[in-house]
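Every value quoted in this text rests on a predicted model; they were computed, and no experiment measured them.
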Amino acid sequence: MDSTIPAWQLYGERRVFPDVMHIERIVDRAAGLEWRIAPHRHLALHQILFLQAGDLQLTVDGQGMQAAPPVLVNIPRGSVHGFRFSVGAEGYVLTLPADDFPEIFAADAPTAALAQPLVIAAPEGIGTEFARIADLYQCKSPLRRLSLRAASVGLACRIAEAATEAAQSRQPAGRDAERVARFLDRVRSTARNRMSVADHAAALGLSPRHLARLCRDHAGESPKALIEAELMREACRSLVYTRMPVQRIAWQLGYDDPAYFARRFRAHTGQTASDYRAAFDGGEGEA
């Protein structure tokens, strides 16, 4: 295994992204790879997978999940993901170069729900929209690029709405819950930047004491505990998907004392970092 997580343009191609977007059926790519896509990530591409039929086992940032159709899987750029499909699985994978769609993926875009990995039930009729985009992708019309862009933005908006509704059904409503959600988003996106609770609170316009109360009320943990939990998830990703020494992983995550990092990792996972790494098969090659 390399010392870094594989980062591909599109399932292994290392050329510049060649089109306004890309769409393909699951069978077109997965069947030739024995229905398995090894863990990797795309630094510039956002992907949305629609599973219409069959079964899917997936890992996203080290978390294993199963998905039953009809289901949508949202994979933001940078997220480590791998798939194992049942033979004959049907559906589509839509790939968008994130920087070319700022109306969807900019930090202040109204589709902020897509900034996190998601597995949600597919809204009724969404397969028709994927099929239409697939048809547009093959056409030769002079309006092809504009039509694809419009259809992709519309689809992303519909998925963002579904994701927002799903999140609202799981979380209490209100301004305080929204502030905690923003804090959690910041924690996930800045895990390696060594930001303190005070830094996050200031960015959100809150005092550290106020942020602590909101986190306890709406997330059941202190801000410090929530930050550390995300650091441990980052550590797990690095242990599974890279060959970096444990001490280097600890340093990258802001732990200057490797022994303290080792104690905290064991407290969170019940294993040493070395045992956690050894529990995973490191023989996966690129797909």
Side-chain angles (χ1 to χ4, degrees), residues 1-6 39-41 57-67 73-76 78-82 115-119 167 170-172 177 179-201 203-204 206 208-209 211-282 284:
M1 183 181 289
D2 294 338
S3 61
T4 57
I5 299 169
H40 62 285
R41 62 181 170 186
Q57 296 179 342
L58 65 151
T59 59
V60 181
D61 288 338
Q63 300 298 310
M65 292 172 275
Q66 284 191 296
V73 182
N74 180 68
I75 308 292
S79 293
V80 181
H81 56 286
Q116 302 301 327
L118 299 168
V119 178
R170 295 190 300 266
Q171 297 178 355
R179 286 170 165 171
V180 173
R182 287 171 55 203
F183 168 68
L184 294 175
D185 285 344
R186 285 185 53 82
V187 169
R188 283 187 285 264
S189 63
T190 63
R192 292 177 178 267
N193 294 349
R194 308 187 185 196
M195 297 186 69
S196 67
V197 172
D199 292 332
H200 286 293
L204 294 168
L206 302 171
R209 184 186 297 272
L211 177 60
R213 181 181 64 77
L214 294 180
C215 288
R216 285 194 300 270
D217 290 346
H218 295 279
E221 297 278 1
S222 70
K224 183 177 180 180
L226 292 169
I227 292 172
E228 184 174 69
E230 183 59 29
L231 290 174
M232 292 302 125
R233 280 189 286 271
E234 278 289 309
C236 289
R237 294 166 193 150
S238 294
L239 288 166
V240 173
Y241 297 120
T242 80
R243 295 275 49 138
M244 281 192 292
V246 174
Q247 286 188 350
R248 183 180 171 193
I249 293 172
W251 181 83
Q252 285 193 347
L253 294 176
Y255 290 89
D256 296 326
D257 182 354
Y260 178 71
F261 168 79
R263 291 195 298 272
R264 298 311 303 155
F265 186 87
R266 186 159 192 165
H268 274 263
T269 66
Q271 296 176 282
T272 67
S274 297
D275 287 345
Y276 184 90
R277 172 175 274 166
F280 289 84
D281 178 13
E284 295 176 323

Could you walk me through whether D185 and R182 pass the salt bridge (charged side-chain N to carboxylate O under 4.0 Å, His left out) check?
CA-CA 5 Å; D185 285 344; R182 287 171 55 203; over 6 Å; no
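- With respect to D61, the salt bridge (charged side-chain N to carboxylate O under 4.0 Å, His left out) criterion is satisfied by exactly one of R41, R233, R237: R237.
- One N or O on the side chain of R277 and one on the backbone of T242 form a donor-acceptor pair closer than 3.5 Å.
- Summarising the geometry of L204 relative to R186, their closest heavy-atom pair is CD2-CD, 3.9 Å, with the distance given to 0.1 Å.
- For the residue pair G64 and T59, the shortest heavy atom distance occurs at CA-CG2, 4.1 Å.
- Environment of CD in Q271: crowded, with over 12 heavy atoms of neighbouring residues, nucleotides or ligands closer than 6.0 Å.
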Go through Y255 and I249 one step at a time and tell me if the side-chain contact (heavy atoms from CB on, under 4.5 Å) criterion holds.
CA-CA 9 Å; Y255 290 89; I249 293 172; over 6 Å; no
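- Here the CZ atom belonging to R179 is positioned 10.0 Å from the CG atom belonging to L211, to the nearest 0.5 angstrom.
- Distance CD/E234 to CG/L239: 11.0 Å, rounded to 0.5 Å.
- Nearest heavy atom pair, residue V187 against residue L226, reads CG1-O, 4.0 Å.
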For residues 258-266, tabulate all N or O donor-acceptor pairs below 3.5 Å that involve a side-chain atom, not counting sequence neighbours.
from : atom 1 : to   : atom 2 : distance (Å)
R264 : NE     : E228 : OE1    : 3.2
R264 : NE     : E228 : OE2    : 3.0
R264 : NH2    : E228 : OE1    : 2.8

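- Between S274 and V246 the shortest heavy-atom distance is OG-CG2, 4.5 Å.
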Just do the side-chain contact (heavy atoms from CB on, under 4.5 Å) check on L214 and L206 with the steps written out, would you?
CA-CA 10 Å; L214 294 180; L206 302 171; 4.0 Å; yes
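- Across P223 and C215, no two heavy atoms sit closer than the pair CG-SG, 3.8 Å.
- Of all the heavy atoms in C236 and T269, the pair that sits closest is SG-CG2, 4.2 Å.
- Ring geometry for H81 against H40 counts as tilted: the plane angle lies between 30° and 60°, on a 0 to 90° scale.
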Between M195 and I227, is the side-chain contact (heavy atoms from CB on, under 4.5 Å) condition met? List the steps.
CA-CA 9 Å; M195 297 186 69; I227 292 172; over 6 Å; no
